[in-house]
Peer 1: 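Structure incoming, see below.
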Amino acid sequence: MIPFFIFVILFFAVPALIGYLFRNIDESTRSLPFYWVSGQVLLWAVFQLLCVPFILLAQPFSKVVLYFNLLTAILLAISLIYLLYRSCHHLRRTAKHPNIVSLSSPKRKSASLLWGLFFLLLIFQLVMAIFYAYEEGDDAFYVAISTIAVDADSMYIKLPYTGGTTGLSARHGLAPFPIWIAYLARMSGIPAVTTAQIAAPLVLITMAYAIYYLIGKILLADRTHMIPFFMILTEIIVIFGGYSVYSAENFLLVRTAQGKAVIANIILPFIILLLLITLNKIHNSVKPGITLWFLLALTAVAGCLCSTLGTILTCMLFGIVGLCTAFSYRKWWILFPLTACCILPLGYALLYFMME
């Protein structure tokens, strides 16, 4: 149980604490699911910015682990200081207004039943992901990369099929999501194959639904009683989404710990969530803060960690939303921060073409 406990700390507690740095983005995002996802996105972006140079310089995997732990500790310390400051400020304000009591309305019985059904379906998917882990062909490559990184302390210099020496592939070296899986395995002590096939899917599937919940809160802001219906409908679509081996639903349940599954089910939906928040602010004549633009840029970098296609897909999404917003609201200034969010992904795309 100790490796599992360490894994939970690395994949839930640490990102949730670090994500508290983004609490001021919007009133609707002040919740644990948003802190958790945004904190993990920040860690993914930091890992991408750190890991790619080490891969290009053929440095050992242990150096990535060392420096990433150092950066994570710094971010965690900053977040804890900020959390302490906010807590002290809240206590002082409560002391000045002791009669203010926050009242919460009781949940209706029907809503409780619907949420119970949602969690039953979620548990069903998680159980199936554990006991019916599908042996997908790409795992012979990606899981082997993670295993080699942990056991041989090297990154992308050994063939995952034979163990022989090979040159760096730009397609895989610039999107080192398997190395992040190897990092979780090294830190927790869980074997890399178990981390990729069992441990990581449990958290990633839950994280995907956390993002869908946050999207539902925005889309159904005036009809919050419909949120459990929205979540159950989302689960049904995912469960019966295996009409193709290339569908996003199939990737979520079958290839969960592969980078292309993460970009399809976590990164792009999270960008859509952030863009919805941005458009709501613009619609209400409120200018988005720099923290929101910063998180959008970090999410685009996290997409590059998952797949080299992340360099194109994230920029395309920014471009489409930016142009539609500029024409609809006559807010041409939005094109400039969205373009700035694309600088690093475009840099990785340029580096990819140079290496190829």
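Atoms considered below: every heavy atom in the structure, side chains included; atoms not considered: hydrogens, waters and symmetry mates. Model, not experiment: these values are computed from the prediction.
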Peer 1: Within the supplied structure, the quantity of interest is the number of heavy atoms (other residues, nucleotides, ligands) at a distance under 6.0 Å from Phe141 CZ; does it exceed 12?
Peer 2: yes
Peer 1: Counting only heavy atoms not in Met316, do more than 12 sit closer than 6.0 Å to its CE atom?
Peer 2: no
Peer 1: Without swapping roles, check the side chain of Gln59 against the backbone of Ser154 for a donor-acceptor pair under 3.5 Å.
Peer 2: no
Peer 1: Below 30° counts as parallel, above 60° as perpendicular, anything between as tilted: where do the rings of Trp44 and Phe11 land?
Peer 2: perpendicular
Peer 1: If you count the non-hydrogen atoms of other residues, nucleotides and ligands that lie under 6.0 Å from CG in Leu57, is the total more than 12?
Peer 2: yes
Peer 1: To the nearest 0.5 angstrom, please state how far the CZ atom of Phe229 sits from the OG1 atom of Thr234.
Peer 2: 13.0 Å
Peer 1: Please determine, by modelled atom types, if Arg23 and Tyr20 share a side-chain donor-acceptor pair under 3.5 angstrom.
Peer 2: yes
Peer 1: Would you please indicate yes or no on a ring centroid separation below 6.0 angstrom for Phe22 and Tyr35?
Peer 2: no
Peer 1: Kindly say whether Ala248 contributes a backbone atom to a donor-acceptor pair with the side chain of Asn265 at under 3.5 angstrom?
Peer 2: yes
Peer 1: Do the side chain of Thr29 and the main chain of Ile25 share a donor and acceptor less than 3.5 angstrom apart?
Peer 2: no
Peer 1: Hey, what's the ring geometry for Phe34 with Phe270, parallel, tilted or perpendicular (30° and 60° as the breaks)?
Peer 2: tilted
Peer 1: Quick one: does Arg186's side chain have a donor or acceptor within less than 3.5 Å of a partner on Val150's backbone?
Peer 2: yes
Peer 1: Please confirm whether the backbone N or O of Pro178 pairs with a side-chain atom of Ser146, one donor and one acceptor, at under 3.5 Å?
Peer 2: yes
Peer 1: Apply the side chain to side chain contact (heavy atoms under 4.5 Å, CB included) test between Ile277 and each candidate in Leu292, Leu296, Leu295; give the one that qualifies.
Peer 2: Leu292
Peer 1: Is Pro176 close to Ile55 at the side-chain level, that is, under 4.5 Å between some pair of heavy atoms?
Peer 2: yes
Peer 1: Run the numbers on Phe336 and Trp333 for ring pair (Phe, Tyr, Trp, His ring centres under 6.0 Å), then give the verdict.
Peer 2: CA-CA 6 Å; Phe336 296 101; Trp333 57 264; 9.2 Å; no
Peer 1: Nearest 0.5 Å please: distance from the CZ atom of Phe54 over to the SG atom of Cys51.
Peer 2: 8.5 Å
Peer 1: Tell me whether Ser247 contacts the main-chain N or O of Asn250 through its side chain, where contact means a donor paired with an acceptor under 3.5 Å.
Peer 2: yes
Peer 1: Could you check if a side-chain atom of Ile272 sits within less than 4.5 angstrom of a side-chain atom of Ile211, using non-hydrogen atoms only?
Peer 2: no
Peer 1: State whether the number of non-hydrogen atoms from other residues, nucleotides or ligands found under 6.0 Å of Arg30 atom CZ is greater than 12.
Peer 2: yes
Peer 1: State whether the side chain of Ser307 and the backbone N or O of Gly303 hold a donor-acceptor pair below 3.5 Å, judged by distance alone.
Peer 2: no
Peer 1: Does any N or O in the side chain of Asp153 come within less than 3.5 Å of the main-chain N or O of Phe61, such that one atom is a donor and the other an acceptor?
Peer 2: yes
Peer 1: Checking Leu317 against Leu275 for the side chain to side chain contact (heavy atoms under 4.5 Å, CB included) test, could you report, in this order, the C-alpha distance in whole Å, the side-chain angles of both residues, the deciding distance, and whether it holds?
Peer 2: CA-CA 10 Å; Leu317 187 54; Leu275 291 175; 4.1 Å; yes
Peer 1: Is Phe124 atom CZ crowded by more than 12 heavy atoms from other residues, nucleotides or ligands, each under 6.0 Å away?
Peer 2: no
Peer 1: Do Thr256 side-chain atoms and Leu252 backbone N/O form a donor-acceptor pair below 3.5 Å?
Peer 2: yes
Peer 1: Measure across Ala257 and Phe177 and return the closest heavy-atom pair with its distance rounded to 0.1 Å.
Peer 2: O-CE2, 3.2 Å
Peer 1: For the residue pair Ala182 and Ala149, what are the closest heavy atoms and their distance?
Peer 2: CB-CB, 3.8 Å
Peer 1: Using every non-hydrogen atom in the two residues, find where Ile266 and Met207 come nearest and quote the distance to one decimal.
Peer 2: CD1-SD, 3.9 Å
Peer 1: Counting neighbours of OH on Tyr67 that are heavy atoms of other residues, nucleotides or ligands and sit closer than 6.0 Å, is the number greater than 12?
Peer 2: no
Peer 1: Strictly by modelled atom types, are Glu235 and Tyr209 linked by a side-chain donor-acceptor pair under 3.5 Å?
Peer 2: no
Peer 1: I want to check something: taking the side chain as every heavy atom from C-beta on, are Leu253 and Met128 in contact at a cut-off of under 4.5 Å?
Peer 2: no
Peer 1: Between Leu335 and Thr325, is the side chain to side chain contact (heavy atoms under 4.5 Å, CB included) condition met? List the steps.
Peer 2: CA-CA 9 Å; Leu335 297 175; Thr325 305; over 6 Å; no
Peer 1: Looking at side-chain heavy atoms only, is the closest gap between Leu75 and Leu17 below 4.5 Å?
Peer 2: no
Peer 1: For His283 and Tyr329, does a side-chain donor sit closer than 3.5 Å to a side-chain acceptor?
Peer 2: yes
Peer 1: Quick one, Phe12 and Gln40 - any side-chain contact, counting heavy atoms below 4.5 Å?
Peer 2: no
Peer 1: Could you list the residues that satisfy salt bridge (charged side-chain N to carboxylate O under 4.0 Å, His left out) with Lys260, not counting sequence neighbours?
Peer 2: Asp138
Peer 1: Would you call Phe118 and Pro228 a side-chain contact if the rule is heavy atoms closer than 4.5 Å?
Peer 2: no
Peer 1: Is any side-chain heavy atom of Trp36 less than 4.5 Å from a side-chain heavy atom of Val203?
Peer 2: yes
Peer 1: So does Ile290 have more than 12 non-hydrogen atoms from other groups sitting under 6.0 Å from CD1?
Peer 2: no
Peer 1: What about the rings of Trp180 and Tyr183, do their centers lie closer together than 6.0 Å?
Peer 2: no
Peer 1: Give the minimum heavy-atom separation between Leu126 and Pro201, together with the two atoms involved.
Peer 2: CD2-O, 4.5 Å
Peer 1: Working to the nearest 0.5 angstrom, can you tell me the gap between Thr224 OG1 and Leu220 CG?
Peer 2: 8.5 Å
Peer 1: Within a radius of less than 6.0 Å around NZ of Lys281, do more than 12 heavy atoms belonging to other residues, nucleotides or ligands occur?
Peer 2: yes
